[in-house]
Amino acid sequence: VQLQASGGGLVQPGGSLRLSCAVSGGIIINIYAMGWYRQAPGKQRELVATVTRGGSTNYADSVKGRFTISGDNAKNTVYLQMNSLKPEDTAVYYCNADLVWKDRVTDTVEAGKDYWGKGTLVTVSS
């Protein structure tokens, strides 16, 4: 199974971006939660926001009121709407999923919380 993130780019302070992350590559049995994390240069990866299948959300204090996470269960996709962006939001953003899936070839069922996309770079600069 793969997580494909997209939507990063260069934006001026105060601007907006929308990130997307889709799960594909296997038979998705259930996605319990998906989330976004970010890693700025020289810093550790940190939580940005998470959303459960039922729609419960959790945000880092630094993004509350500016970012909105949402999920589309039918499309196995999570979105992150980022508004009022600041230079300190500059980072590589990674999506994460806690899911259960079946390999189409081996018929093996796999589960876990450590499924990650490759990351998409967000740069906030004038």
Is the shortest side-chain heavy-atom distance between [X] and [Y] below 4.5 Å?
X: Ile29; Y: Lys102; result: yes
X: Asn73; Y: Asn76; result: no
X: Val23; Y: Thr77; result: no
X: Val11; Y: Thr123; result: no
X: Pro13; Y: Pro87; result: yes

Audit row: Val100, Val109, side chain to side chain contact (heavy atoms under 4.5 Å, CB included) steps and yes/no: CA-CA 7 Å; Val100 183; Val109 176; 3.7 Å; yes
Under 3.5 Å, side chain of [X] to main-chain N/O of [Y], donor-acceptor pair present?
X: Tyr59; Y: Ile69; value: yes
X: Ser62; Y: Ala60; value: no
X: Thr120; Y: Gly8; value: yes
X: Arg18; Y: Gln81; value: no

Passing option when Met82 is tested against Leu19, Val48, Val63, Asp89 for side-chain contact (heavy atoms from CB on, under 4.5 Å):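 That would be Leu19.
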Shortest non-hydrogen separation from Ser20 to Trp36 and the atoms involved: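 For Ser20 versus Trp36, the nearest heavy atoms are O-CH2, 3.5 Å.
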Nearest heavy atoms of Arg104 and Gly26, plus distance in Å: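 The pair with the smallest heavy-atom distance is NH2-O, 3.3 Å.
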Aromatic plane relationship, Phe67 with Tyr93 - under 30° parallel, 30 to 60° tilted, over 60° perpendicular: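 Answer is tilted, since the angle falls between 30° and 60°.
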Side-chain donor-acceptor contact under 3.5 Å, Trp116 with Tyr37: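 Absent: no donor and acceptor within the cut-off.
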Donor-acceptor side-chain pairing of Thr108 and Asp103 below 3.5 angstrom: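 Checked: Thr108/Asp103 side chains show no N/O donor-acceptor pair below 3.5 Å.
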Aromatic Tyr94 / basic Arg38 pairing, under 6.0 angstrom, 45° off normal: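 No, Arg38 does not sit over the ring of Tyr94.
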Enclosure of Gln44 CD (heavy-atom neighbours >12, cutoff 6.0 Å):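 Open: at most 12 neighbouring heavy atoms sit under 6.0 Å from CD of Gln44.
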Rounded distance [0.5 Å steps], OG1 in Thr68 versus CG in Asn83: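 One gets 6.5 Å once the value is rounded to the nearest 0.5 Å.
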Trace of the side chain to side chain contact (heavy atoms under 4.5 Å, CB included) decision for Thr90 with Val122: CA-CA 5 Å; Thr90 295; Val122 172; 5.9 Å; no
